[in-house]
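Below is one structure, written out as structure tokens; comments come after it.
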Amino acid sequence: MNKRRRVYEGKAKVLYEGPEPGTLIQHFKDDATAFNNKKHALIEGKGVLNNRICEYIFLRLGEIGVPTHFLRSLNMREQLIREVEIIPLEVVVRNVAAGSLAQRLGLEEGKPLPRQIVEFYYKNDELGDPMVTEEHITAFGWATPQEIDEILALALRINDFLVGLFLGIGIRLVDFKIEFGREWDNEQMRIVLADEISPDCCRLWDIATSDKLDKDRFRRDMGGVLEAYQEVARRLGVLAGSPRPRGSGPVLVSSKPN
Ligand code: TMP
Ligand code: ASP
């Protein structure tokens, strides 16, 4: 059986010691949680889909020069990543009013925002990931002003790229959450995209039908969670068993309703 050392277990992923120093194995579980673990279920196959979708997105981001922790895919559920020092912030980028923003400011869900908005949340489950400002982040030493600038610039580049990527497959990228880490190379440090990008941490709406293709289906008890994730994977061209070779690129979907 598996005797690897478990370094960290989160709600949807496990990190194991990697084969070489400075590497980790990121394992995607089938667990789905919401509302800070108050709601939990197993969605069989979700981990495999998220691993594929995440691999595809991180590879494409790497190609445009966004530094990421991703090294290579290992198997259906696991990828080799660089070990980084996680910055304790959840960085949310929003294009369209939805979720907590719509609620907090009384905005209509689905209304495009005047411009992209970046928010920071302090990564702390006990506190329920409270929203924080740059003042809190620098005062408490979670990141320096220079690091915040770099994170903001990367978050906006990632958003610009992903909006286009998803638009090409008929999906509106409403918002998403990302995390960053510090990668050390002797004395040199750089900020890299870490964690994951998958339908677990994005809002993805079908452009033609407005169907939700993300974890809101689970949060809001809408059913069809796995089918929605499969649809995202299929359109990205990474669904195993789909007629197109894996990784051959996104499938163009007409954005006009029929
Ligand atoms: P929110 O509208 O609930 O604040 O969520 C914004 C985005 O961040 C949405 O795409 C879902 C994602 N998200 C996570 O990935 N993890 C979380 O814990 C929360 C609250 C949101
Ligand atoms: N991931 C968080 C949780 O498990 C919240 C969410 O995504 O809605 O509680």
Side-chain angles (χ1 to χ4, degrees), residues 8-15 26-43 46-47 49-51 53-54 57-58 86-113 115-133 151-152 154-156 158-163 165-167 171-181 193-207 210-222 225-226 228-229 232:
Y8 174 84
E9 176 144 15
K11 285 174 279 197
K13 296 188 294 294
V14 187
L15 295 178
Q26 175 160 265
H27 175 107
F28 289 77
K29 299 192 285 185
D30 285 340
D31 297 66
T33 68
F35 315 117
N36 205 11
N37 229 353
K38 286 190 194 84
K39 183 170 176 170
H40 176 260
L42 273 186
I43 298 172
K46 177 177 80 80
L49 291 166
N50 278 356
N51 181 37
I53 293 169
C54 180
I57 291 176
F58 274 50
I86 290 286
I87 294 171
L89 296 173
E90 302 208 337
V91 181
V92 169
V93 186
R94 302 180 185 270
N95 300 299
V96 177
S100 69
L101 178 73
Q103 239 177 9
R104 194 171 347 103
L105 301 184
L107 304 174
E108 186 194 330
E109 268 216 330
K111 224 177 154 50
L113 296 168
R115 62 173 174 83
Q116 49 195 353
I117 293 174
V118 182
E119 298 169 344
F120 297 108
Y121 295 83
Y122 178 45
K123 213 172 130 63
N124 184 316
D125 278 345
E126 272 170 42
L127 300 176
D129 300 339
M131 190 191 237
V132 292
T133 69
I151 287 172
L152 279 172
L154 282 171
L156 295 179
I158 293 166
N159 184 48
D160 283 345
F161 181 77
L162 292 185
V163 164
L165 177 78
F166 281 114
L167 196 61
I171 291 174
R172 195 170 176 205
L173 178 61
V174 171
D175 54 35
F176 59 96
K177 184 270 293 180
I178 44 181
E179 296 180 24
F180 293 91
L193 176 65
D195 192 52
E196 68 174 303
I197 298 182
S198 74
D200 265 6
C201 46
C202 301
R203 283 200 174 90
L204 303 168
W205 295 356
D206 183 274
I207 286 174
S210 293
D211 276 355
K212 295 186 197 306
L213 302 172
D214 57 60
K215 203 167 98 176
D216 268 351
R217 298 200 76 87
F218 171 71
R219 293 190 190 96
R220 302 181 188 190
D221 293 318
M222 299 170 76
V225 182
L226 194 74
Y229 284 42
V232 174

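Indexing begins at 1, ligand by ligand and atom by atom, following the structure's order.
Residue contact check: G99 has heavy atoms under 4.0 Å from atoms 2 (O) of ligand 1. Taking every heavy atom of F176 and a limit of under 4.0 angstrom, the matching atoms of ligand 1 come to 10 (O).
Distance screen at 4.0 Å: atom 19 (C) of ligand 1 has no protein heavy-atom neighbour inside the cut-off.
Comment: K39 engages D221 in a salt bridge, judged by a side-chain N to carboxylate O separation of less than 4.0 angstrom. Ion pairing between K11 and D125 holds under the 4.0 Å rule for side-chain N and carboxylate O.
With hydrogens and angles ignored, the 3.5 Å screen pairs a side-chain donor or acceptor of D214 with a backbone N or O of L204. Side-chain atoms of E179 never come within 3.5 Å of backbone atoms of P88 as a donor-acceptor pair (strictly under, hydrogens ignored). Under a 3.5 Å cut-off, the side chain of D129 and the backbone N or O of N124 do form a donor-acceptor pair. In this structure, Q26 contributes its side chain and D195 its backbone to a donor-acceptor pair below 3.5 Å.
The closest protein non-hydrogen atom to atom 5 (O) of ligand 1 is R203 NH1, 3.5 Å. The nearest heavy-atom contact from the protein to atom 21 (C) of ligand 1 is R219 NH2, 4.4 Å. From the protein, the heavy atom lying nearest to atom 10 (O) of ligand 1 is D175 OD1, 2.5 Å. Looking at atom 8 (O) of ligand 1, its nearest protein heavy atom turns out to be K177 CB, 3.4 Å. Shortest contact from atom 1 (P) of ligand 1 to any protein heavy atom: S100 OG, 3.4 Å. Given atom 15 (O) of ligand 1, the protein heavy atom at minimum distance is C201 CB, 3.1 Å. For atom 17 (C) of ligand 1, the nearest protein heavy atom (residue, atom name, distance) is E90 OE1, 3.9 Å.
Sorted by chain then number, the residues whose non-hydrogen atoms approach ligand 2 to under 4.0 Å are K11, T33, A34, F35, N36, N37, K215, R219.
Using modelled atom types, one finds no donor on one side chain facing an acceptor on the other under 3.5 Å when comparing N95 with D175. Side-chain contact annotation: R219 with T33, donor-acceptor N/O pair under 3.5 Å absent.
A cation-pi contact, defined as under 6.0 Å to the ring centre and within 45° of the axis, is absent between K46 and Y229.
Contact annotation: R94 has at least one heavy atom less than 4.0 Å from an atom of ligand 1. Ligand 1 does not have K11 within reach: every non-hydrogen atom of the residue lies 4.0 Å or more from it.
Within 6.0 Å of CZ on R115 lie no more than 12 heavy atoms contributed by other residues, nucleotides or ligands. Heavy-atom neighbours of E9 CD from other residues, nucleotides or ligands within 6.0 Å: above the threshold of 12.
Neither the backbone nor the side chain of A102 has a heavy atom within less than 4.0 Å of ligand 1.
Note that CD1 of I197 and CZ of F176 are 6.0 Å apart. Values are rounded to the nearest 0.5 Å.
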